[in-house]
Student: 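Dropping the structure in here first, questions after.
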Amino acid sequence: MALLTVFSMAASAQVRNYVGLWGEVGEWSLLPKESKYGGSLGVAGGVGVMYDLQYKHLIFDVGVGANYGMTAYSVTANQDQRLPNQVDLQGDVFDYVYEVRDRKDQYTNLMLQVPIMIGGQWGRFYCMGGVKAGLSLLTTSHTKALLTTYGDYRMFDDFRNMPEYQFFDGLPMEKKTPTNFNFNLDLSAEIGMRLGYIQTMRGYDVRTTKNQYRLALFFDYGLMDLHKANTLESLTVPNVYDAEAAYKTQTMVDNLTTNDVMSTTGFAKAVNNLLVGVKFTVLFELPTPQNCVICRDAYLNLGRPRKGGTKFDQE
């Protein structure tokens with residue numbers, strides 16, 4: 001309905017058309033629902049081009065842009081993963097434990113966006129609301145953590161920091177992995193002010209300007225689940241403890257696979273996008289076809305004789 005209204009007004013003499021550029025920067029978070037994890041923290045920014053239509057107080061924008069951001073989850077609690085009922089060379093039974101601490105999962109994302117916004121302006125104040133459709137083009141997860149492995153024995157204290165038994169302390173882990181996000185649809189709003197000279201009327205002696213500037217606060221909130229749920233463990237580990245190999249190699253830690261936190265089992269029911277920040281827009285007015293009523297009337301009257309005479313009207 002909004003699009004039909006906008007296009008129906010396009011033929012009106014009071015419609016003003018602009019092309020514009022916009023840039024924005026803000027705080028970017030991913031908010032998990034029904035999860036033991038809190039939201040992430042990060043930063044994102046975007047640029048784009050747009051078409052802007054203004055009719056009296058009404059404004060309508062549609063455009064295309066790119067948004068790039070980085071956000072990270074900090075997992076403060078230790079994460080344990082066990083291989084139960086393993087047997088060492090002496091025949092003692094124990095649990096081989098992988099303990100992950102100081103974990104940080106960072107995500108970077110490049111997204112193509114198509115915003116459709118409608119709103120109003122009154123003097124220097126303006127506000128808009130609408131939606132932004134987003135398609136992720138390039139997404140990467142970057143995981144960092146410290147790994148400790150130890151033996152949890154029934155009859156003894158834990159065996160720790162004994163490399164000859166494959167028990168290590170504070171091994172650094174780091175992994176970058178390409179991943180992807182689902183198609184996103186943000187509910188968007190912005191509220192702000194128009195800068196510079198504001199033309200409030202038209203006329204022969206009224207100052208005019210071809211450019212307009214806007215500065216606003218904005219927020220984008222995702223209506224759809226952004227992450228692709230999976231059932232992976234925090235670490236992909238060996239199935240059993242090889243007692244013979246334990247004295248020769250580091251097979252228990254050499255080939256571990258670190259999985260990003262949003263792909264782990266039971267991470268969240270859904271993950272919603274949130275971006276809050278500042279947006280600057282500059283608009284350039286497009287030429288408007290002139291409809292010269294005086295010139296048209298003069299042309300129609302050209303060659304028409306004055307009443308009671310033979311001279312032609314040359315107005």
Side-chain angles (χ1 to χ4, degrees), residues 20-33 35 37-50 52 61-76 103-117 119 126-144 174-193 213-229 260-264 267-283:
L21 303 173
W22 54 264
E24 63 185 26
V25 64
E27 196 282 323
W28 178 36
S29 292
L30 297 175
L31 307 178
K33 288 184 176 179
S35 172
Y37 298 93
S40 67
L41 294 175
V43 64
V47 294
V49 297
M50 58 187 287
D52 176 272
D61 288 354
V62 61
V64 61
N67 184 285
Y68 182 80
M70 180 278 294
T71 192
Y73 293 96
S74 293
V75 183
T76 56
R103 176 168 177 157
K104 184 176 182 180
D105 289 80
Q106 176 181 295
Y107 295 87
T108 58
N109 186 49
L110 174 64
M111 179 175 288
L112 177 70
Q113 284 189 322
V114 177
I116 301 175
M117 308 284 287
Y126 88 96
C127 61
M128 303 187 75
V131 295
K132 293 180 181 178
L135 179 65
S136 293
L137 303 178
L138 181 64
T139 309
T140 303
S141 67
H142 185 188
T143 300
K144 290 183 178 181
E174 183 172 358
K175 183 179 180 182
K176 282 188 177 182
T177 308
T179 183
N180 51 58
F181 288 156
N182 292 323
F183 174 81
N184 190 42
L185 189 67
D186 283 335
L187 179 66
S188 181
E190 60 185 86
I191 180 171
M193 62 184 300
Y213 307 92
R214 298 172 180 163
L215 182 64
L217 298 175
F218 77 94
F219 85 89
D220 299 336
Y221 178 75
L223 301 176
M224 305 174 70
D225 181 13
L226 194 64
H227 89 307
K228 293 182 180 294
D260 68 277
V261 68
M262 287 205 297
S263 68
T264 57
F267 172 74
K269 180 179 180 181
V271 177
N272 298 102
N273 178 71
L274 177 64
L275 177 60
V276 179
V278 179
K279 179 177 181 180
F280 178 75
T281 306
V282 57
L283 301 173

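If you're wondering where the values come from, they're calculated on a predicted model, not measured in any experiment.
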Student: Taking only residues two or more places apart in sequence, or in another chain, which ones meet V278 in a side chain to side chain contact (heavy atoms under 4.5 Å, CB included)?
Tutor: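 Residues passing side chain to side chain contact (heavy atoms under 4.5 Å, CB included) with V278: L215, L217.
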Student: Under a 4.5 Å cut-off applied to non-hydrogen side-chain atoms, are V47 and L21 in contact?
Tutor: no
Student: Other residues, nucleotides and ligands only: do more than 12 of their heavy atoms fall within 6.0 Å of NZ on K269?
Tutor: no
Student: Can you sort out the partners of M193 under side chain to side chain contact (heavy atoms under 4.5 Å, CB included), two or more places apart, ordered by chain and number?
Tutor: L195
Student: Quick one, T108 and H142 - any side-chain contact, counting heavy atoms below 4.5 Å?
Tutor: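 They are not in side-chain contact.
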Student: Would you indicate whether the side-chain heavy atoms of F267 and Y73 approach each other to under 4.5 Å?
Tutor: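 Yes - at least one pair of side-chain heavy atoms lies under 4.5 Å apart.
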Student: Taking side-chain hydrogen bond (donor to acceptor under 3.5 Å, both in side chains) as the definition, give me every residue that meets it alongside S40, ordered by chain and number, with sequence neighbours left out.
Tutor: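 Here the qualifying residues are T71.
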Student: Tell me, do E190 and Y126 make a side-chain contact under 4.5 Å, heavy atoms counted?
Tutor: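 Sidechains of Y126 and E190: in contact.
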Student: Not counting sequence neighbours, which residues clear salt bridge (charged side-chain N to carboxylate O under 4.0 Å, His left out) with D186? List them please.
Tutor: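 For D186, no residue satisfies salt bridge (charged side-chain N to carboxylate O under 4.0 Å, His left out) once neighbours in sequence are set aside.
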Student: Looking at residues at least two apart in the chain, or sitting in another chain, which of them share a side-chain hydrogen bond (donor to acceptor under 3.5 Å, both in side chains) with T179?
Tutor: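 None.
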Student: Using the salt bridge (charged side-chain N to carboxylate O under 4.0 Å, His left out) criterion, which residues pair with D61? Sequence neighbours excluded.
Tutor: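 Counting only residues at least two positions away or on another chain, D61 forms a salt bridge (charged side-chain N to carboxylate O under 4.0 Å, His left out) with R214.
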Student: Between atom CH2 of W28 and atom CG of L274, what is the distance when rounded to the nearest 0.5 Å?
Tutor: 11.0 Å
Student: side-chain hydrogen bond (donor to acceptor under 3.5 Å, both in side chains) with T264: which residues, sequence neighbours excluded?
Tutor: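 In terms of side-chain hydrogen bond (donor to acceptor under 3.5 Å, both in side chains), with neighbours along the sequence ignored, T264 is linked to no residue.
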Student: With sequence neighbours excluded, tell me which residues meet side chain to side chain contact (heavy atoms under 4.5 Å, CB included) with A229.
Tutor: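 Here the qualifying residues are H227.
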Student: Between L30 and F181, which heavy-atom pair has the shortest distance, and what is it?
Tutor: CD1-CZ, 4.2 Å
Student: Measuring from N180:CG to L135:CG, what's the distance to the nearest 0.5 Å?
Tutor: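 Here the interatomic distance stands at 10.5 Å.
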Student: Out of curiosity, N67 CG to L137 CG, how far, rounded to the nearest 0.5 Å?
Tutor: 11.0 Å
Student: Can you list everything that forms a side chain to side chain contact (heavy atoms under 4.5 Å, CB included) with S188? Sequence neighbours excluded, please.
Tutor: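 Listed in chain order: M117, K132, D220.
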Student: Walk me through whether M224 and N182 qualify under side-chain contact (heavy atoms from CB on, under 4.5 Å).
Tutor: CA-CA 8 Å; M224 305 174 70; N182 292 323; over 6 Å; no
Student: In chain order, what residues pass the side-chain hydrogen bond (donor to acceptor under 3.5 Å, both in side chains) check against S29, with sequence neighbours excluded?
Tutor: E27
Student: Which residues satisfy the salt bridge (charged side-chain N to carboxylate O under 4.0 Å, His left out) test with D105, sequence neighbours excluded?
Tutor: R103
Student: In Å, rounded to the nearest 0.5 Å, how long is the span from CG of D225 to CG of N273?
Tutor: 11.5 Å
Student: Contact between L275 and F218 at the side-chain level, heavy atoms closer than 4.5 Å - yes or no?
Tutor: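 The answer is yes, as the side chains (C-beta and beyond) meet within the 4.5 Å cut-off.
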Student: Count the heavy atoms belonging to other residues, nucleotides or ligands that lie under 6.0 Å from NZ of K144, then report whether that count exceeds 12.
Tutor: no
Student: Under the criterion side chain to side chain donor-acceptor pair (under 3.5 Å), which of D260, T143, T139, T140 is the partner of Y107?
Tutor: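 Only one of D260, T143, T139, T140 forms a side chain to side chain donor-acceptor pair (under 3.5 Å) with Y107, namely D260.
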Student: For G222 and N184, which heavy atoms make the closest approach, and how far apart are they?
Tutor: CA-OD1, 4.0 Å
Student: With sequence neighbours excluded, tell me which residues meet salt bridge (charged side-chain N to carboxylate O under 4.0 Å, His left out) with K176.
Tutor: none
Student: Rounded to the nearest 0.5 Å, how far apart are OH of Y213 and OG1 of T281?
Tutor: 12.0 Å
Student: Which heavy atom of F183 sits nearest to which heavy atom of A133, and what is that distance?
Tutor: CZ-CB, 3.9 Å
Student: Got a second to check how far L283's CG is from D52's CG, nearest 0.5 Å?
Tutor: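 The CG atom of L283 sits 4.5 Å away from the CG atom of D52.
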